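The block underneath contains the structure these notes are about, expressed in C-alpha cells.
Predicted model only: the values in this text are computed from it and were never measured.
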Amino acid sequence: MPDAPSFRLRNTLTREVEPLVPSQTDADGTPVLRFYSCGPTVYSYAHVGNFRTFLTADLVVRTGRALGWRVDYVSNVTDVGHLTEDDVADGGGEDKMARALASKEGEAFANVWDLARHYTDALLSDWRSLGLIEPNVRPRATEHVREQIRAVEGLMERGHAYETEDGVYFHVPSFPDYGKLSGNSDAERLAAGAAGASREVVQDESKRDPRDFALWKKDPGHLMQWFSPFGWGFPGWHLECSVMAQKYLGETIDLHGGGEDLTFPHHECEIAQAEALTGEPFARMWIHTRFLQVEGEKMSKSKGNFLTVRDLTATPEEGGREDWGAPVDPLALRLLLISGQYGKPFNLTKKALADAAKNRQRYAEALEAVREAGESGPAGDPEITEGLRETLDDAYADALDGMADDLNTPVALAAALRGANTILSVARQPDGLSAPAAQAAMEYLQRVDDLLGIVGLAADGADEDDSADPLAEEIDALLAARQQAREDKDWARADALRDEIDALGIVVMDTPSGPTWRRK
RNA sequence: GGUCCCGUGGCCGAGUGGCUAGGCAAGGGUCUGCAAAACCCUCUACAGCGGUUCGAAUCCGCUCGGGACCUCCA
C-alpha cells in the first residue's frame, strides 16, 4: 500500500485535526497503534448512544488495520457500582448498581455481581450483533482492584494524594496540567459548578481543594467492597481506566477515546492520575464521540427516552419496539449509527432508520448476486472484468480516504455504496457477472466489510438465507400455487394468492427466473 | 454565568474560495397480465444582512435560530 492515506483525527487536546501516528512498530516493522476506548458501566442494557461511541472506536480499529497497522485495542467493562456524583468525589449521590438492583428490573438478580454479569453478557451479545470488532483485551474493573490500590499508593507516595476519614483523594493543585483536555481548570468556577443551574454541590469538608476527586472511597454501606491499606471500600471511577490502559498498553498510549461527556471530568482525571504517577504523557491523542439524539431530543438516562439495541433488533415477542419497526436488521442499525460523522451530533429518527434499512439492502443484493454468479457465471470478457476491478478499486480507495479523514463516514459510505451499485448494474446486464468478475466483486465486498462492517460477510450470511425463515415452507407453497395460476392465466386467483402472502408480511417479486420474496 | 458546536434542496447528510457528493422521498418514463423490484429521467440548495475577492455554501463581521458540556449519561 504505497500511497496509503495518512490517518487524521480531531484531537480533543488541541481541537485540531492531526495525523494519528503509531508510536511503535513490532518486530516485523508493522506500525502498532495502542488504543483504549472507554466502555460502559453495566447496570442496564447498553443503548444506541453507547453504541455510537463504541462504533467510533470500532471504525478507528478497522481503519488502522486497513492501513496495514496492527491495532492493540482495549475496551473495558465498568462493573463496579460508582457513585452518581463521583466527579465531586465527596460521597454524594447513589451507587448506580445498587440503584439498579433496587429497581423493578433488578428484582431478577440475586446481588450486584449477578446483575453486572447479566448486563455484561447482554453487552457482548449486542456488540456481536452489530458486528463490532472484539477488543484484544476487555478488562473488568473488578478484576483490577489490586492494580488500582497500587496506583493509589503510588500517588500518595508522590504527594499527589492524601487520605481523609472518607477516602483517599487526588490533590488537583499538585498537578498543574489539570484542565488541559477540557479547558476546565478554574478552581472557583468548578467549585461553583453551574452556579445554581443544576444542584447543590455537597462538599466533603476535609477535602483540601474543591476539585479533588476520589481515588478510594471508604464506605461500609457499599455492596461491592475490597480490603485495602486504607480500609474497606471501593476504587474511584476515574482510576480504573487509567490503570487498565497502562497495564495493557503501556505508560503512554497513542489514542484514547470515549463519549463526549467523558471529556470532563473522567478523562481529565485519568490524565491527572496517570501522568502524576508516571511523569509521562498518558495519551498522545484523544477523540470524543458526540451524543446521539432521538427524534431531535437528547437521549439520556434521566429522561428515560433511550433506545437499547434490543429495543430495535428484537422481535416484538422478545420485547422489540414495534413503533420503531422492530425487528430491524442489526446491520441496518449499524449503518445508520455510522452514517453521521462521530464529531457531530447525530439525530436518530424513524425515517432515517427506515432509509438505512433500504440502503443496507443494496449490499445484501450485491452479495447475493455475486454468490450466484460465482457458482455458475460464464468466463466472461476479461476487459469487462478489468474495468469492474478498476472501478471497485477506486471506490474502495475513496472509502478508505474518507475514513482516514477524521472518520468521514458519510463520504466513505457514499463511495462504498457506489461500488455496490456498480456490481449490481453489471450483474443485471444480459451477460451478468462472469466468474472472474464475481471474484473481483467478492474481493471488493470483503474489503468494504473489513473497513465498514456493513456487508455482513463477517457474520456469515447463512442466517439471512430464506430457508432459515420459519414461514419459508408455507410461502413457497403459496408461491408455487400462484405460479400455477399465472401459467393458467387465472389472474384473479393469482392476485388472491398474492394477497394471502401479503397478509403474512411478505412482498412477492417476479423475476425472469421465477418469483422471489422478502419480508416487508 | 463560563466553554464550545451547528444552521446546506421535502428529509438525512458530504463539501473550507471557482469545477452542481451521495442516499431517501417525490414526479415522469421503460419493463410487467396486474403489481412489486429494477433501470432511466426530473427536482441546482447552502438561515438573514453586510464585507473581503475577478469569483464565497466555503473567509471576516453582525443578526436570528438550534444544540452540547460545566449534574447523571457514551
What distance, rounded to whole Å, do you find between the two [atom1] atoms, one in [N] and one in [M]?
N	M	atom1	result
B:A25	B:G13	C1'	14 Å
B:G55	B:C39	P	43 Å
B:C34	B:G15	C1'	44 Å
B:G48	B:G65	C1'	10 Å
B:U63	B:C24	C1'	34 Å
B:A56	B:C19	C1'	14 Å
B:A21	B:A74	P	38 Å

Residues touching RNA chain B, which here means a heavy atom under 4.0 Å, drawn from residues 419-427 of chain A: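 Nucleic-acid contacts, sorted: none.
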Test side-chain contact (heavy atoms from CB on, under 4.5 Å) applied to A:Phe291 and A:Thr289, step by step: CA-CA 7 Å; A:Phe291 271 149; A:Thr289 304; over 6 Å; no
Using 4.0 Å as the upper bound for N to carboxylate O, is an ion pair formed by [Y] and [X]?
X	Y	result
A:Lys217	A:Asp95	no
A:Arg360	A:Asp329	yes
A:Asp488	A:Arg493	no
A:Arg8	A:Asp406	no

Polar atom pairs between nucleotides 25-35 of chain B and protein, under 3.5 Å, N or O only, would you list them?
residue	atom	partner	partner atom	Å
B:A25	OP1	A:Lys358	NZ	2.5
B:G33	O6	A:Arg486	NE	3.4
B:G33	N1	A:Asp495	OD1	3.1
B:G33	N2	A:Asp495	OD2	2.9
B:C34	O2	A:Arg498	NH2	2.7
B:C34	N3	A:Arg498	NH1	3.2
B:C34	N4	A:Asp510	OD2	3.1
B:A35	N6	A:Asp510	OD2	3.3
B:A35	N1	A:Asp510	N	3.4
B:A35	N1	A:Asp510	OD2	3.1
B:A35	N3	A:Arg498	NH1	2.9

Residue whose nearest RNA chain B nucleotide is more 5′ - A:Gly39 or A:Phe346: A:Phe346
Along RNA chain B (nearest heavy atom to each residue), the more 5'-positioned of A:Asn359 and A:Glu260: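 Nearest-nucleotide comparison on RNA chain B picks A:Asn359.
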Please produce a list of atom pairs where a protein N or O lies less than 3.5 Å from an N or O of nucleotides 15-18 of chain B.
residue	atom	partner	partner atom	Å
B:G15	OP1	A:Asn408	ND2	2.7

Sugar-phosphate, base or nothing in reach of A:Gly49, heavy atoms under 4.0 Å: base
Touch class at under 4.0 angstrom, heavy-atom based, for A:Pro410 against every strand present: base
Partners meeting side chain to side chain contact (heavy atoms under 4.5 Å, CB included) with A:Arg498 (sequence neighbours left out):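 A:Arg498 satisfies side chain to side chain contact (heavy atoms under 4.5 Å, CB included) with A:Arg482, A:Asp495, A:Val508 only.
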With respect to the side chain of [X], which nucleotide from [options] is positioned closest?
X	options	answer
A:Arg290	B:A21, B:G67, B:A74	B:G67
A:Leu292	B:A74, B:C72, B:G22	B:A74
A:Phe291	B:A21, B:C69, B:C72	B:C69

Non-hydrogen side-chain atoms of A:Leu55 and A:Tyr342 separated by less than 4.5 Å: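 They are not in side-chain contact.
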Result of checking A:Tyr178, A:Phe213, A:Trp237 against A:Phe170 for ring pair (Phe, Tyr, Trp, His ring centres under 6.0 Å): A:Phe213
Rounded distance (Å) that lies between atom P of B:C6 and atom CD of A:Gln293: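 Rounding to the nearest Å, CD of A:Gln293 and P of B:C6 are 15 Å apart.
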Look at the side chain of [X] and the backbone N and O of [Y], then say whether any donor-acceptor pair between them is shorter than 3.5 Å.
X	Y	answer
A:Asn11	A:Glu16	no
A:Trp127	A:Ile133	yes
A:Asp502	A:Asp499	no

Secondary structure of RNA chain B in dot-bracket form (Watson-Crick or G-U wobble, distances below 3.5 Å, | marking inter-strand pairs): (((((((..(((.....[...))).(((((.......)))))....(((((..]....))))))))))))....
Distance-minimising heavy-atom pair for A:His267 and A:Cys38: NE2-SG, 3.3 Å
Trace of the side-chain contact (heavy atoms from CB on, under 4.5 Å) decision for A:Tyr248 with A:His144: CA-CA 11 Å; A:Tyr248 294 105; A:His144 296 78; 2.7 Å; yes
Under 3.5 Å, side-chain donor or acceptor atoms of residues 352-359 of chain A against the rest of the protein: list the pairs with distances, not counting sequence neighbours.
residue	atom	partner	partner atom	Å
A:Asp355	OD2	A:Lys351	NZ	3.4

